[in-house]
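All chains are named by letter (A, B, ...) in the order of the sequence lines, taking the proteins before the strands, and each is independently numbered beginning at 1.
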There are 2 protein chains.
Amino acid sequence: MMETIEQFLESKKIRVTAMRLLIYKFLAERQVAVTLSDIENTFEKADRTTLYRTIKTFEDKAIVHQIDDGTGITKYALCEQGCNCEIETDLHLHFHCNNCNQTICLTEHKIPQIKVPDGFVSENINLVVKGICDKCSGQ
Amino acid sequence: MMETIEQFLESKKIRVTAMRLLIYKFLAERQVAVTLSDIENTFEKADRTTLYRTIKTFEDKAIVHQIDDGTGITKYALCEQGCNCEIETDLHLHFHCNNCNQTICLTEHKIPQIKVPDGFVSENINLVVKGICDKCSGQ
DNA sequence: CCAATACCTGCAACGGAAGTGCAATTATTG
DNA sequence: CAATAATTGCACTTCCGTTGCAGGTATTGG
């Protein structure tokens, strides 16, 4: 079942606009998490706010998820099929390259069980591995 | 071997000033990670920049370490004895309470081995468990 | 098909946090 | 005590995230 981006957005109850299609395609092309200013630099004609709100809309509709990789700047990436970001038990694992500064979703690598002391209740886990990515280490 | 704070700071090659003693004591009293504005609110007479630079100094000398708990605001906590924050292999584990918004160092809970795909080199791991802390869950 | 409505976009502006340059003050050293 | 070095405070800047409002564009119902 191949569905177009337009159909996909409509299925998520998001109105299809030129801007949204462009941003969606931009995210889909990339394998890494992007910042808002990455998007800004790519679509210089568009307003910051529009891009910001587009991402927010995508986030609300569980099309993209936010990533905090410790750089202090929020990054975003498309959710994969089966990614249940809205559910707290969904565990994220991200890799941040200290060399090229890119952040990658390692969706296939699940987070192991983490023990917390008595009295503490774990609801969610944010795990960022930092180091050198495959492209940079291969050089 | 009890050493005074003055002696401790001197051993780290940090000049002892009233400000630094106050901030050190403030950090030592607390069991949780604090933000820069926490410190600002506590020492309203002092200038923001001074507090900022004091923390930076402590950080450079490995007296405090930075914590990124996903709130977007950098927090700081005293390094414990034996905490080798400057060494990349030192693994941090922190707990962020979604209720009281406090972040706690769980220094006794080490991070388990995380597998990364071939070609990736892991240098450091940031792990934040979010949930309800012992104080909040006990109520 | 048109009007009413809802939604999207762009501009302007705000607020918080991090960071820097510089001058003045304070401490250290010889 | 003088020269030097480090610390502190003020002013200012930058960056990111966010919101209010006005104008434009798309959608819906009659």
Problem set entry | OP1 or OP2 of C/dC7 under 4.0 Å from side-chain N/O of A/Thr17 | no
For this session: Tell me whether the OP1 or OP2 atom of C/dG19 has a side-chain N or O from B/Lys56 closer than 4.0 Å.
Result: yes
Exercise. Nearest-Å distance, OH (B/Tyr24) to P (D/dT7)?
Worked result: 18 Å
Exercise. Once the angle between the rings of B/Phe8 and B/Tyr24 is folded into 0 to 90°, is it parallel (under 30°), tilted (30 to 60°) or perpendicular (over 60°)?
Worked result: tilted
For this session: Using atom CD of B/Glu44 as one end and atom P of D/dG9 as the other, report the distance to the nearest whole Å.
Result: 14 Å
Seminar exercise, completed: note: A/Asp47, atom CG; D/dG23, atom P; distance rounded to Å ~ 16 Å
Exercise. Can you tell which of D/dG17, D/dT7, C/dT9 lies closest to the side chain of B/Arg15?
Worked result: D/dT7
Problem set entry | OP1 or OP2 of C/dC11 under 4.0 Å from side-chain N/O of A/Thr49 | no
Exercise. Looking only at side-chain N and O atoms, does B/Tyr52 come under 4.0 Å of OP1 or OP2 in C/dG19?
Worked result: yes
Seminar exercise, completed: When rounded to whole Å, the CD to C1' distance for the pair A/Glu59 and D/dG17 reads 12 Å
For this session: Kindly compute the distance separating CG (B/Leu22) from OG1 (B/Thr42), expressed to the nearest 0.5 Å.
Result: 10.5 Å
For this session: Describe the nucleic acid contact of B/Thr35 in one word from base, sugar-phosphate, nothing, applying a heavy-atom distance below 4.0 Å.
Result: nothing
Problem set entry | For A/Phe43 against A/Leu51, the heavy-atom pair lying closest together | O-CD1, 4.3 Å
Problem set entry | Selection from D/dC16, D/dC10, C/dT9 that lies nearest to any side-chain heavy atom of A/Ser37 | D/dC16
For this session: Please check if any side-chain donor atom of A/Thr103 sits under 3.5 Å from a side-chain acceptor atom of A/His94, or the reverse.
Result: no
Exercise. Rounding to a whole Å, what distance do you find between A/Leu51:CG and D/dT19:P?
Worked result: 16 Å
Problem set entry | Distance, rounded to the nearest Å, where A/Ile14 contributes CD1 and D/dT27 contributes C1' | 17 Å
Exercise. Over how many whole Å does the gap from B/Arg53 atom CZ to D/dC10 atom P extend?
Worked result: 12 Å
Exercise. Hey, is the side chain of B/Arg48 poking within less than 4.0 Å of OP1 or OP2 on C/dA17, counting only N and O atoms?
Worked result: no
For this session: Please state how far atom CD1 in B/Ile39 lies from atom P in D/dT8, giving the value in whole angstrom units.
Result: 13 Å
Exercise. Starting at the 5' end of DNA chain C, which residue's closest nucleotide do you reach first, B/Gly72 or B/Val16?
Worked result: B/Gly72
Exercise. Are B/Thr35 and B/Asp38 linked by a side-chain donor-acceptor pair shorter than 3.5 Å?
Worked result: yes
